[in-house]
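Below is one structure; the comments refer to it alone.
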Amino acid sequence: MLSSSFKQNNEVFSVPIKWIPNEFHWDNYSKIWTTIPLATFMKNTIFLSVVITLIQLFTSSFAAYGFSKMHFKGRDLLFLAYIGTIAVPWQVYMVPQFIMMRKLGLTDKLISLVLMQSFTTFGVFLLKQYYSSIPDELCESARMDGLSEWGIYRKIILPLTKPALASLTIISFVTTWNDYMGPFIYLTSTENKTIQLGLKMFVSLYDAEYALIMAASVISILPVAIVFLSMQKYFVEGIATSGMKG
């Protein structure tokens, strides 16, 4: 991909492959910003990825705290039923979701994707596994000292679960950033499209700008690479200590 981003279109599929182009076409990286509104697509994708990730961190950590550290009737049954929704493919409720959003007048709006992806069952499961490794005695001592459930969650649980939160941050950010079907179904106007939809705009009816597609793809993976590399240490630790390791 990186090599092809510096080539001309007729050189991308040349045989044998030339890993180092004879001539580097640096202008490919300037053309992609004018051929399509790439800056707008990047802005929309960053907005969705950051907002959805932050909301998922809050909702998942809050729900995981309730399922792991609070005791109420039917807790385990409710958690089992909630986790069971992982087995339901998105294609099953894709159409009902769209009908619901259309009746609410939220189609072709970024807020529709934010609302639909505000909760993640996998995130709750991941954090619940990690929270279960924290001794319940720690929370009981805090309750005896008069600390509220919100205080326990904010002052004790969250500081102790940074690796798990980092893992969920990477997973949520990458999943949202790479999402294609969601934006494809709900976003129709050019000013609301994401980078994944924007890459397809380099493909016309009779031709495809493969070199520009590769250049735009290189740009599109940079934020994901930065997020992953900056949180890699916590990601490995969070997966290893949450009971998810293989």
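The structure presented is a predicted model; accordingly, all values stated were derived computationally and were not measured.
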For the student: nearest non-hydrogen atoms of Asn192 and Asn44, plus distance: C-ND2, 3.3 Å
Set of residues satisfying side chain to side chain donor-acceptor pair (under 3.5 Å) with respect to Gln196, sequence neighbours excluded: none
Contact summary for Val124 and Ala63, nearest pair of heavy atoms: CG2-CB, 4.0 Å
Hydrophobic cluster membership, Met1 vs Val203, 4.5 Å side-chain cutoff: yes
Derivation and outcome, side-chain contact (heavy atoms from CB on, under 4.5 Å), residues Ile99 and Val95: CA-CA 6 Å; Ile99 295 175; Val95 174; 4.0 Å; yes
Leu147 vs Ile156, side-chain contact (heavy atoms from CB on, under 4.5 Å): CA-CA, chis, key distance, verdict: CA-CA 10 Å; Leu147 197 61; Ile156 297 178; 4.1 Å; yes
Thr45: side chain to side chain contact (heavy atoms under 4.5 Å, CB included) partners, not counting sequence neighbours: Ser49, Trp177, Thr194, Ile195
Donor + acceptor pair across side chains of Ser189, Asp108 (<3.5 Å): yes
By side chain to side chain donor-acceptor pair (under 3.5 Å) - contacts of Ser230 (at least two apart): none
Ala215 versus Tyr29, closest heavy-atom pair with distance: O-CE2, 3.7 Å
Side chain Ser133, main chain Tyr130, donor-acceptor under 3.5 Å: yes
Parallel, tilted or perpendicular, as decided by the 30° and 60° cut-offs, for the rings of Trp150 and Phe62: perpendicular
Test ring pair (Phe, Tyr, Trp, His ring centres under 6.0 Å) applied to Phe47 - qualifying residues, sequence neighbours left out: none
Aromatic ring pairing Trp26/Phe24, orientation class (parallel under 30°, perpendicular over 60°, tilted between): parallel
Qualifying salt bridge (Lys or Arg N to Asp or Glu O under 4.0 Å) pairs with a residue from residues 67-81, counting only residues at least two apart or across chains: Lys69-Asp136
Heavy-atom closest pair, residues Ile20 and Ser3: N-OG, 4.4 Å
Worked verdict on Leu110 versus Leu187 for side-chain contact (heavy atoms from CB on, under 4.5 Å): CA-CA 8 Å; Leu110 298 179; Leu187 306 178; 3.9 Å; yes
Test applied, side chain to side chain donor-acceptor pair (under 3.5 Å); reference residue, Gln56; option that passes from Ser172, Ser118, Ser61: Ser172
Ring center gap for Phe202 and Tyr210 short of 6.0 angstrom: no
Nearest non-hydrogen partners of Tyr93 and Pro89, listed with the distance: CE2-O, 3.6 Å
Set of ring pair (Phe, Tyr, Trp, His ring centres under 6.0 Å) partners for Phe41, sequence neighbours left out: none
